[in-house]
Amino acid sequence: MPEDLASTPLPAASPAAANMPQRLATAIRHAISTHEPDRRYAPHAQVMADFCAVLWSRFLRFDPASPEWPDRDRVVVSSPRYRVLPRIMAELSGQAPLPPRVGDPARPRHDRQACGPSGQGLGAAIGMALAEQNLAARFGRSLVNHRIWGLGCWTELSTGVALESAALAGQMGLDRVTLVVGLWLNEREAVDAILPRYSASGWSVRKVNAASPEQIAAAITSSQRTHKPCLIACIAAPETDPPPPFADDPGLWAGAARRGASARRSWLRRLLKDRQKAEFERMARNQRPAFWQPDWQRSWREHGSAIARVSPTFAAQRGLETLHELLPELTCLRSRRGMLADLPANRRGGSEIDLSCGTQVHGMAALLNGIAMHDGLLAFGTSTIIAVDRMRPALRYAAMTDQQVIYLLTDDDLLRGDGAGGGQPVEQLASLRAMPNVAVFRPADHRETMECMELALRRTSGPSLLTLESTPAMATSAAPEREQHGLTNLCARGGYVLAEAEGARQVTLVATGHEAILALAARKLLRDAGVAAAVVSLPCWELFAVQKMTYRAAVLGTAPRIGIEAASGFGWERWLGTDGLFVGIDGFGAPSAPDRPDSTADITPERICRDALRLVHPQSDALVETAGGNGAPPGMASTDASV
């Protein structure tokens, strides 16, 4: 049960001649009244004034002269109620201004703000604690020995992402994170119903008087000594006495500044003597090893013949194994149904760290954001595309804050459904492509998989998703035109001609993922029927959309186009034009017939050929019959996205 230090009546406000923490709290309250433009948030920020005064002056590990010191404590502000506090504390403590974000001088980088969808900041704070634990396991406590402090609203504690993240923190033993929430006395009953959930998840929970520096200091000291993640609830009552007068004193923070400077100098001396100094500094700056990219390309070129006909999922798994050797900063969280769910726990620094998140993908996605925000590690996550809806708030937050998070999602559910009556997630690809600053990759075979993984690793301005299938590639995937380009990464332009027409184009088949392989087979059928067809692979719409218009026109051509994808046709009109057709899935798929268990996945070369002949020769039913094929199954229309 939570330890209650706030059961006694709250004392009256202290006089002006108060001790140091209370003088600091007075300065913070005065700054809040002048810096917070929203009057709704100012009273809530005032509740945390005493806590911030005690934390910054006595416990927080930071040096105002070096705000980006790698071993500083991280402070994550989750609720907009407290958004003004980091800026106030930075100004009062004399912190040097942070440099502008690379490539965006108008937006200064500040790693203490995480105000996004409710609960996401708390989940990010827990993810930072996981990053701290992993870095400490690699470099030791002499170089990595800091804590994570998360400031949030008590209403965030009951959100699904916060509860899932808290359960993962207890499961992984993340004892370097402390979440702090503020509330009014009349809200205490509602909080008392939430806190036992955190205690049951392995957290140390304490309730303190928000106006008592002694209770706050005791709770912080306890959180530093316990081997559990901690939650501190600061309970405040409405003020009845006038606030003490404010007297500007520039020397209030001098003691805290000296303490932080001394700690950083000691850390620098240890860093200079450490044998892993160069590697630590490289990872702290989020830099990749010097020759990782040539080594990566050489590795998959050497193993290319062995995995040429394997599925994109297996190719990505082999790629991850290679990346773990080339990029030691890679940290991969996996869900119960992700493609790495059956792998043993990762080993780092001689200790076993289990990074399996089970079915808690909402919390997993929030932790990935925290890992990316912490600096030093590369965040990967594996799951299924059916779980995207639960990860969407965290994914959206990563896109808003330009965090490099890479997701590997198996999309077999597009063909078979989720097996639990949920239907086929045919709308997910369109919804993900509609989200700004998210790159969606859908590779067709092992080579495109490796190229898309390389592009995701090179993209640092937002999240990237690879949707992968476990269907093995066919021999036709190695088109002669593709092999002529050697090691050139054709996926880097988002789309390219996989196989050109033999003669003047009469139709262009535009496909993504495994459907590009089907399009190659349909191209052969069309050739036998006397129709010259080209196949265009479009693994990444976002990259293709930013190419020059001349390149896009050369790839897509002027002939009628057919889009092919085992998903909804929403959005395909931008590539198909007014004369194009779409071959995909309309609705959530149809139930499988007893004699045809795969009818919901019936996107076949024959069907593509039939629709192409109908598009090229709309008046010739004879040609349609010669192409063979089967009727479109229920729920799948040949022109369900006609434009």
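Nearest heavy atoms, Ala129 versus Val177: CB-CB, 3.6 Å. Asp274 and Ser142 get closest at one heavy-atom pair: OD2-OG, 3.9 Å. The minimum heavy-atom distance between Ala217 and Arg58, with the atom names listed, is CB-NH1, 3.5 Å. The two atoms that bring Gly123 and Leu367 nearest to each other are O-CD1, 3.7 Å, heavy atoms only. In terms of heavy-atom proximity, Asp71 sits nearest to Arg61 at OD2-NH2, 2.8 Å. The nearest pair of heavy atoms linking Val361 to Ser335 is CG1-CB, 3.5 Å.
In this structure the side chain of Leu333 never reaches within 4.5 angstrom of the side chain of Phe380, judged on heavy atoms. Between Leu151 and Leu179 the shortest side-chain heavy-atom distance does not fall below 4.5 Å. Residues Gln120 and His362 form a side-chain contact, since some pair of their non-hydrogen atoms from C-beta on lies under 4.5 Å apart. Between Ile371 and Met128, the closest side-chain pair of non-hydrogen atoms is not below 4.5 Å. The side-chain heavy atoms of Leu378 and Leu323, taken from C-beta on, include no pair separated by under 4.5 Å. Counting heavy atoms from C-beta outward, Pro463 and Gln404 have side chains that stay 4.5 Å or more apart. The shortest side-chain heavy-atom distance between Phe51 and Val180 falls under the 4.5 Å cut-off. Taking the side chain as every heavy atom from C-beta outward, Leu466 and Leu409 never approach each other to under 4.5 Å.
Summarising the geometry, atom CE belonging to Met89 is positioned 11.0 Å from atom CE belonging to Met48; distances are rounded to the nearest 0.5 Å. Here the CD1-CD1 distance, from Ile232 to Ile220, works out to 5.5 Å after rounding to the nearest 0.5 Å. Rounding to the nearest 0.5 Å gives a distance of 9.0 Å between CD of Glu451 and CD of Gln297. Rounding to the nearest 0.5 Å places OH of Tyr41 at 13.5 Å from CG of Leu85. Going from atom CG of Leu174 over to atom SG of Cys230 covers 11.5 Å, rounded to the nearest 0.5 Å. Expressed to the nearest 0.5 Å, how far CG of Leu457 lies from CD1 of Ile406 amounts to 4.5 Å.
Considering only residues two or more places apart in sequence or on other chains, His146 meets the ring pair (Phe, Tyr, Trp, His ring centres under 6.0 Å) condition with His374. Residues meeting the side chain to side chain contact (heavy atoms under 4.5 Å, CB included) test with Asp295, sequence neighbours left out: Phe291, Arg298, Leu326. Checked against ring pair (Phe, Tyr, Trp, His ring centres under 6.0 Å), Tyr407 has no partners two or more places apart in sequence or in another chain.
Side-chain atoms of Asn437 come within 3.5 Å of backbone atoms of Ala399 as a donor-acceptor pair (strictly under, hydrogens ignored). Arg259 contributes no side-chain N or O that, together with a main-chain N or O of Ser262, makes up a donor-acceptor pair within less than 3.5 Å. A donor-acceptor pair under 3.5 Å is absent between the side-chain atoms of Gln287 and the main chain of Arg282, judged by distance alone. In terms of modelled atom types and a separation under 3.5 Å, the side chain of Arg188 and the main chain of Leu185 share no donor-acceptor contact. In terms of modelled atom types and a separation under 3.5 Å, the side chain of Asp50 and the main chain of Ala25 share no donor-acceptor contact. No donor-acceptor pair closer than 3.5 Å links the side chain of Ser79 to the backbone N or O of Tyr82. Under the 3.5 Å distance criterion, the side-chain polar atoms of Ser158 are matched with a main-chain donor or acceptor of Thr155. No side-chain donor-acceptor contact under 3.5 Å links Arg334 to the backbone of Cys357. No donor-acceptor pair under 3.5 Å is formed between the side chain of Gln171 and the backbone N or O of Ala169. Side chain of Gln215 to main chain of Asn209: a donor-acceptor pair is present (N/O by atom type, distance under 3.5 Å, no hydrogens or angles).
Between Glu156 and Ser78, the side chains place a donor N or O and an acceptor N or O closer than 3.5 Å (distance only, hydrogens not considered).
The neighbour count for Arg275 CZ, taken as heavy atoms of other residues, nucleotides or ligands under 6.0 Å away, does not exceed 12. By the neighbour-count criterion of 12 heavy atoms within 6.0 Å, atom CZ of Arg225 is sparsely surrounded, having that number or fewer from other residues, nucleotides or ligands. For Arg270, the CZ atom is densely surrounded, since the number of other residues' heavy atoms within 6.0 Å is greater than 12.
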Residues Leu157, Leu231; criterion side chain to side chain contact (heavy atoms under 4.5 Å, CB included); working and verdict: CA-CA 10 Å; Leu157 295 177; Leu231 173 61; 4.1 Å; yes

Criterion salt bridge (charged side-chain N to carboxylate O under 4.0 Å, His left out) on Arg288 and Glu329, from CA distance to verdict: CA-CA 9 Å; Arg288 303 290 173 252; Glu329 58 266 38; 3.3 Å; yes

Candidate pair Met373 and Arg74, rule side chain to side chain contact (heavy atoms under 4.5 Å, CB included), full reasoning: CA-CA 10 Å; Met373 292 170 62; Arg74 269 66 166 179; over 6 Å; no

Worked verdict on Gln403 versus Tyr397 for side chain to side chain contact (heavy atoms under 4.5 Å, CB included): CA-CA 8 Å; Gln403 302 298 330; Tyr397 178 69; 5.6 Å; no

Full working for side chain to side chain contact (heavy atoms under 4.5 Å, CB included) between Leu465 and Leu432: CA-CA 9 Å; Leu465 297 94; Leu432 292 172; 4.1 Å; yes

Arg138 and Glu279: CA distance, side-chain angles, deciding distance, salt bridge (charged side-chain N to carboxylate O under 4.0 Å, His left out) verdict: CA-CA 11 Å; Arg138 177 174 180 83; Glu279 181 72 358; 3.5 Å; yes

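The one candidate from Arg29, Arg81, Arg83, Arg87 that meets the salt bridge (charged side-chain N to carboxylate O under 4.0 Å, His left out) condition with Glu36 is Arg83. Looking at Leu130, Asn134, Ile126 one by one, the single match for side chain to side chain contact (heavy atoms under 4.5 Å, CB included) with Met172 turns out to be Leu130.
Taking the ring axis of Trp149 as reference, the NZ or CZ atom of Arg147 stays within 45° of it and closer than 6.0 Å to the ring centre.
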